[in-house]
Amino acid sequence: MRVRAVDLVRLTAAALLVLAANAAAVEHDYGDALRKSILFFEGQRSGRLPPGQRVTWRRDSALHDGAEDGVDLTGGYYDAGDNVKFGFPMAFTATLLAWSIIDFGRNMGPHLNDAVTAVRWATDYLLKATSVPSVVYVQVGDAFRDHSCWERPEDMDTPRTVYKVDSNHPGSDVAGESAAALAAASIVFRSRDPAYSRRLLNRAISVFEYADKYRGAYSTSLRRAVCPFYCDFDGYQDELLWGAAWLHKASRRREYRQYIMRNQDVLGAGDSINEFGDDYLQSFRMRADNFICSVFPGGASHRPQIQYSPGGLLFKQGGSNMQHVTALSFLILTYSNYLSHANHHVTCPGYTATPNQLKMLAKRQVDYILGTNPMGMSYMVGYGERYPRRIHHRGSSLPSVRSHPGRIGCKDGTRYYVSQGPNPNVLVGAVVGGPANLSDAFSDTRQLFQVSEPTTYINAPLLGLLAYFSSHPNLNS
Ligand SMILES: *[C@@H]1O[C@H](CO)[C@@H](O)[C@H](O)[C@H]1NC(C)=O
């Protein structure tokens, strides 16, 4: 049978209609995903759980954190699937949660209060960690000992060693990041709880002073404890600028703007992927545009470390890829909003990127996470029909205290770690590291922490993204 041109056109049109129908069929429930992404943070809580705790398979844990140093360091979040409290990722998480609310809180609807509570759980802890002047407590728990056990946080009996930076052991990176978190959160609470907001801002100011006065990297001061977990190899300059930028936004004090002007040259030495653009200064606009060109598909040749899988997933080598997907998508979305308001495009070599195209790029990444991908699976636990069942997470994979009140010691947990069975406790809202390479394939394997471990910093930027798309579901290219 001969196929005539007109048939081809019809066939193509029919195929397009089917594709369009399919595209419509996979519209996601961003509001539901937003609710779940916030709920995840309840599952990561350390310390005494409040009466309103909805993740009921978790119980109080680590109630003596800080005792070793005579301070109260209870509370905060476990960063991922282990039971260590790492200050660096906790501060970054708090900043991105706060930023999500500052830019997209108006899109969060009934979930806004829970998002604010998630910020406060982090900042209550950061206030404790910075309560001694010129000291920042940056970690609780010996990470090597913790990682050699597969234990519930409620049973944990590994050393809760306290690590700090001070005037003799500088940590401008972790202190700068903490100052940023406190300053960003002060904006969130400005009208909601003015006294708390002022406390956060004042603390941010003093922590930043410490960070700037005693310059140095905590990876040097505390190398044996913090590396290779959250080692910072890029120097501390970017965190100082990051802290100053948030302090400027929160306080509107000229001194922080001047600080940024005086010190911005060091930015040029950094990797723009690790920079978070500041929207007040013209010179940053150019940097931000360059950043966008470097991550935009087609412009990726300028930055070969960013690639796209055949299924459209942004990919950066190094494990836990979804942290890059959510953070970069968040930046792309926020920048597209700034551009829309300023009526600007980004001019890249050979093409321009409109704000709408940037939003579509961010939306495609979010949709990929939620299940629009070749595997047809959601990377958010508890969202959709298919999602990771064997996440690398101690509390989720061991029987809960409720169902198994008896203690499960360090090595007694191993049989749950190696088990092929699904995790008994569904950590709703957790987004895992995702595909390990450009194949779009995923192995739902607990032992592969690079792909199956959730982290607080994967989820934090996702709150803003999901909030935006929940109120702009019909974005078109
Ligand atoms: C990519 O990841 C998948 C799933 O983990 C794995 O089966 C495959 O071997 C990997 N491919 C390469 C080239 O490493």
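Counting starts at 1 for both ligands and their atoms, in listed order. All values reported here derive from a predicted model rather than from experimental measurement.
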Practice item. To the nearest 0.5 angstrom, please state how far the NE2 atom of H472 sits from the NZ atom of K359. Key: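 Reported value, rounded in 0.5 Å steps: 8.0 Å.
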Review point. Is there a side-chain contact between R45 and Q53 (heavy atoms, below 4.5 Å)?
Key: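 Side chain of R45 against side chain of Q53, heavy atoms only: contact under 4.5 Å found.
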Practice item. Would you check whether N437 has a nitrogen or oxygen atom less than 3.5 angstrom from a nitrogen or oxygen atom of ligand 1? Key: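 Yes, since at least one N or O of N437 sits under 3.5 Å from an N or O of ligand 1.
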Check your understanding: Heavy atom under 4.0 Å from ligand 1: found in A436's side chain, backbone, both, or neither?
Key ->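 For A436, no heavy atom sits under 4.0 Å from ligand 1.
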Check your understanding: Who's the nearest protein heavy-atom neighbour of atom 4 (C) of ligand 1, and how far?
Key ->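 Minimum-distance protein heavy atom for atom 4 (C) of ligand 1 reads A441 CB, 3.9 Å.
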Review point. Tell me, which protein residue and heavy-atom name are nearest atom 5 (O) of ligand 1, and how many Å apart are they?
Key: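 For atom 5 (O) of ligand 1, the nearest protein heavy atom is S443 CB, 3.8 Å.
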Check your understanding: Are T56 and R59 close enough that a side-chain donor and a side-chain acceptor fall under 3.5 Å?
Key ->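 The criterion, which ignores hydrogens and geometry beyond distance, is not satisfied for R59 and T56.
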Review point. Do Y77 and T456 get their side chains close enough for a donor-acceptor pair, meaning under 3.5 Å?
Key: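 Judged by distance alone, the side chains do not pair up.
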Review point. By number and element, which atoms of ligand 1 are closer than 4.0 Å to a non-hydrogen atom of S439?
Key: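 The atoms of ligand 1 under 4.0 Å from a heavy atom of S439 are 1 (C), 2 (O).
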Review point. Does the protein place any heavy atom closer than 4.0 Å to atom 7 (O) of ligand 1?
Key: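 No.
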Review point. Ignoring hydrogens and geometry, is there a side-chain-to-backbone donor-acceptor pair from S221 to P170 under 3.5 Å?
Key: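 Checking the backbone N and O of P170 against the side chain of S221, a donor-acceptor pair under 3.5 Å is found.
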